[in-house]
Visitor: 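Next up is a structure, given as structure tokens.
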Amino acid sequence: MSSSPVRTRFAPSPTGYLHIGGARTALYNWLYARQHKGTFVLRIEDTDRERSREEYLKDIVDSMGWLGLGWDEGPIRQTERIELYRSYVGRLEQAGHVYRCTCSPAELEERRRAAMKEGRPPKYDGRCRRRTDSPAGPYALRFKAPEAGVTEVQDLIRGTIRFPNEEIEDLIVLRSNGMPTYNLTVVVDDAENRITHVIRGEDHLNNTPKQIHLYRALGLDPPQFAHLPLILGEDRSRLSKRHGAVSVTAYREEGFLPEALLNFLARIGWSHGDEEIFTVADLLEKFTLKGVGKTSGVFNEQKLEWLNAHYTRQLSKDELRRRLMPFLVERLRASGGGSDLTIHDSPRTEVATPSDGISSGHSREAEVPRGESEPLVRGSRFTPDWWDRAMDAFRERAGTLKVMAEQMTFLFVESVTFDEKARGKFLRPEALPYLEQAVRSIEEAQPFETAPLEEAFKAICERAEIKMGQLAQPVRVALTGSSASPGIFDVIWLLGRDRTLEGLRKAIAEIRGEVAAG
RNA sequence: GUCCCCAUCGUCUAGCCUGGCCUAGGACACAGCCCUUUCAAGGCUGGAGCACGAGUUCAAAUCUCGUUGGGGACGCCA
């Protein structure tokens, strides 16, 4: 029926960091536009001057860039279009669709409360609509909404929804300070931008009939609507700051990959049979509004982590290293000094995404973080081959990049920090002879590679008639400080012969010291 | 309170539109086992759900109505 090209939009207000729910709305809009070879518009609804902040605008732009959700037009800032809205208000006024309301906010608040208390709908009572005199003083402009009848909303996800008009109040379209309000600007912009599909959160469902009235009064055709189910917190209420980390930025800083976040967000509220893994390319192919469900979903961080681990394993070694590096740098900086990695860049600039010109409105699709700073190294340990093997050794057990960096710390610091429980359990006098034999075989291992090392360790175990664990665990704790790590031979290889021997000797000396003391 | 939306394992969901193939499938999480030098990863197994009540029908998770429950909206916020 609609032959005009698809145009969708994402219209956040810059009153907070880009929210997880907003990101999903953006994703669906972006997917829908891309699938239909349409246009995706970014619009900034900043008419609330009190709460809007540049910092938040920047975060929204950055986060969308990081997620790879590029827009074709915008960002359109509503505060730059005030005259446009006023001209529409003028049209409304001319046609007699609005009237002056001099009721003060305080009065209105009072009446609202009273109405609710008496069980009446808390809508504006229309007293200024009916008055014939024209009182002085500040006034707001109210829209004359139809008083009877029913307004139907055709929702692409929910079908036909009927609202009795008597429930709908005369909304304010122009504040007494001359600023237009949301319900007006949204209608004007969606019409001006020729938006064909408004895909937004279900929290806007009740606004839709009001907006339809405005479209009609203005003689405009409403777009199609699709109201998405909300994303809920653990307590099943709408996800908000109360639930902890809810911004895209927060997850980015925790070391989640945009691939994982996108996949996760797509799957909450939408499904495609039994499938769970969706790359952006998959989503582009498979996403449909019909696949969007009606029930709100709880944000389940464990599943996000599972997806993140999945994508971490999928990344190429180079790419993984590139993305990990800022976390490693941050981690080593935090652990303070004594590291083999020379730090000369910060994480934020490292993972830098297209956060340049917020005014350059051009498509920025899934850009890969660039501008990495190769760590400078002392000695020659950190060869490309070394990094490749390090990535393979650690990627299997990391939920997030941040955790992965933490787990790799021992590779770079002068002396490891022991997990007390692990030390107490494995760095004991009984282990002394095995550690000493390990030192000898590592000294002799030729070439210094995992296979010969493994042979040597096996030989020790056979001679001493012990299990590999009895040898490997003390060695592991001595070298990594922890009882959990990648395979011990990989650990030894990554550490290098000298550092391995140094670590083992330190541990041996420490155990001996304790024996002597105790 | 009023209006609107929603209702399948703890969580995300398939199935519902176009009733029988459903003894309700998958995934995350959880438990056990296997693999194993630890931790993961991987493999196998297991527990776990159609909110309730009427009705329609030979047959209902699927259709209808009601109840209950949850959520959202009720701003000179967006």
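Letters A, B, ... mirror the listed sequences (proteins, then strands); counts begin at 1.
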Visitor: Just checking A:C461: base, sugar-phosphate only, or nothing, at a heavy-atom cut-off of under 4.0 Å?
Guide: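 Here A:C461 touches no strand at all.
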
Visitor: Looking at B:A78, I'd like to know if its phosphate oxygens (OP1 or OP2) sit under 4.0 Å from a side-chain N or O belonging to A:T47.
Guide: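 True: A:T47 side-chain N/O within range (under 4.0 Å) of B:A78 OP1/OP2.
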
Visitor: How long is the line joining CZ of A:F264 and P of B:C12, in whole Å?
Guide: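 In whole Å, B:C12 P lies 9 Å from A:F264 CZ.
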
Visitor: Whether A:R158 and A:E202 form a salt bridge (side-chain N of Lys/Arg under 4.0 Å from carboxylate O of Asp/Glu) is what I want to check.
Guide: yes

Visitor: In whole angstrom, what separates A:I268's CD1 from B:C12's P?
Guide: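 For the pair A:I268 CD1 and B:C12 P, the rounded distance is 7 Å.
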
Visitor: Assert yes or no for the condition that the ring centre distance of A:F287 to A:F278 is strictly below 6.0 Å.
Guide: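 No - the distance between ring centres of A:F287 and A:F278 does not fall below the 6.0 Å cut-off.
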
Visitor: In whole Å, measure the gap between the C1' atoms of B:A51 and B:G71 for me.
Guide: 16 Å

Visitor: Paired with B:U2 by Watson-Crick or G-U wobble geometry, both distances under 3.5 Å: which nucleotide is it?
Guide: B:A73

Visitor: Write down the distance between CD1 (A:I231) and P (B:U11), rounded to a whole number of angstrom.
Guide: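 Roughly 16 Å, once rounded to whole Å.
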
Visitor: Taking the same atom, C1', in B:A7 and in B:G53, what whole-Å distance lies between them?
Guide: 15 Å

Visitor: Determine the contact category for A:S176: base if any of its heavy atoms lies under 4.0 Å from a base atom, sugar-phosphate if only primed atoms, P, OP1 or OP2 are that close, otherwise nothing.
Guide: base

Visitor: Is the NZ or CZ atom of A:R142 positioned over A:Y124's six-membered ring, under 6.0 angstrom from the centre and within 45° of the axis?
Guide: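 Relative to the ring axis of A:Y124, which defines the angle, A:R142 lies inside both limits.
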
Visitor: Grab the CG-C1' distance between A:N300 and B:U13 for me, whole Å please.
Guide: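 Rounded to whole Å, this separation is 12 Å.
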
Visitor: Between A:A140 and A:F299, which has a closest nucleotide on RNA chain B that is more 5'?
Guide: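 Final value for this comparison: A:F299.
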
Visitor: Considering only the C1' atoms, how many Å lie between B:U67 and B:G20, rounded to the nearest integer?
Guide: 28 Å

Visitor: In whole angstrom, what separates A:R113's CZ from B:U2's P?
Guide: 19 Å

Visitor: Searching all strands shown, indicate the nucleotide that pairs with B:A54 (Watson-Crick or G-U wobble; both distances under 3.5 Å).
Guide: B:U64

Visitor: What distance, rounded to whole Å, do you find between the two P atoms, one in B:C16 and one in B:G72?
Guide: 29 Å

Visitor: Of the nucleotides B:U13, B:C4, B:G26, which has the atom closest to the A:E276 side chain?
Guide: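 Out of B:U13, B:C4, B:G26, the nucleotide with an atom closest to A:E276's side chain is B:G26.
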
Visitor: What's the gap between B:U8 and B:G69 when it is taken at their C1' atoms, as a whole Å value?
Guide: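 Those two atoms are separated by 15 Å.
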
Visitor: Ignoring the backbone of A:F163, work out which of B:A78, B:A27, B:C3 is nearest its side chain.
Guide: B:C3

Visitor: Establish, yes or no, whether a centroid distance under 6.0 Å links the rings of A:F264 and A:F299.
Guide: yes

Visitor: Could you tell me the separation between the OH atom of A:Y56 and the P atom of B:A78, rounded to a whole number of Å?
Guide: 16 Å

Visitor: Take A:T160 and A:T185, find for each the nucleotide of RNA chain B with the closest heavy atom, and name the residue whose nucleotide sits nearer the 5' end.
Guide: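 Its nearest nucleotide lies further toward 5', so the answer is A:T160.
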
Visitor: Taking the six-membered ring of A:Y139 as reference, does the cationic atom of A:R100 (NZ for Lys, CZ for Arg) lie under 6.0 Å from its centre and within 45° of its axis?
Guide: yes

Visitor: Expressed in whole Å, how much space separates the P atoms belonging to B:G1 and B:A40?
Guide: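 After rounding to an integer number of Å, I get 49 Å for this pair.
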
Visitor: Verify whether the ring centers belonging to A:W71 and A:F10 lie closer than 6.0 Å.
Guide: no

Visitor: What verdict does the salt bridge (charged side-chain N to carboxylate O under 4.0 Å, His left out) test give for A:D46 and A:R49, after you've listed the backbone C-alpha separation in whole Å, the side-chain angles of each residue and the deciding distance to 0.1 Å?
Guide: CA-CA 6 Å; A:D46 55 356; A:R49 289 219 150 108; over 6 Å; no

Visitor: If a protein heavy atom is under 4.0 Å from the base, mark B; if only from the sugar-phosphate, S; if neither, -; do that for nucleotides 36-43 of chain B going 5' to 3'.
Guide: -BBBBSS-

Visitor: What's the CG-P distance between A:D274 and B:U8, to the nearest Å?
Guide: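 Result: 17 Å.
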
Visitor: Quick check: A:Y182 with A:H204 (ring centres under 6.0 Å apart)?
Guide: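 So the answer is yes for these two rings.
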
Visitor: Rounded to the nearest angstrom, tell me the gap between atom NZ in A:K294 and atom P in B:G15.
Guide: 12 Å

Visitor: If B:C33 has a Watson-Crick or G-U wobble mate with both distances under 3.5 Å, name it; if not, just say none.
Guide: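 The answer is B:G43, by the H-bond criterion.
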
Visitor: Go along nucleotides 64-75 of chain B 5' to 3' and tag each nucleotide: B for a protein heavy atom under 4.0 Å from its base, S when only backbone or sugar atoms are that close, - otherwise.
Guide: -------SBSBS

Visitor: Tell me whether the centres of the aromatic rings in A:W306 and A:Y311 are closer together than 6.0 Å.
Guide: no

Visitor: Mind checking the C1' distance from B:C50 to B:C6? Whole angstroms is fine.
Guide: 15 Å

Visitor: Quick check against the 3.5 Å criterion: does A:K290 have a side-chain atom that pairs as donor or acceptor with the backbone of A:I157?
Guide: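 Looks like no, no N/O pair under 3.5 Å.
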
Visitor: Assign the ring pair A:Y17 / A:Y56 to parallel, tilted or perpendicular, where the plane angle (0 to 90°) is split at 30° and 60°.
Guide: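 The arrangement is perpendicular - the two ring planes meet at more than 60°.
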
Visitor: On a whole-Å scale, what distance lies between the C1' atoms belonging to B:G47 and B:C28?
Guide: 16 Å

Visitor: My understanding is that a pair needs two contacts under 3.5 Å, Watson-Crick or G-U wobble. By that rule, which nucleotide pairs with B:C28?
Guide: B:G10

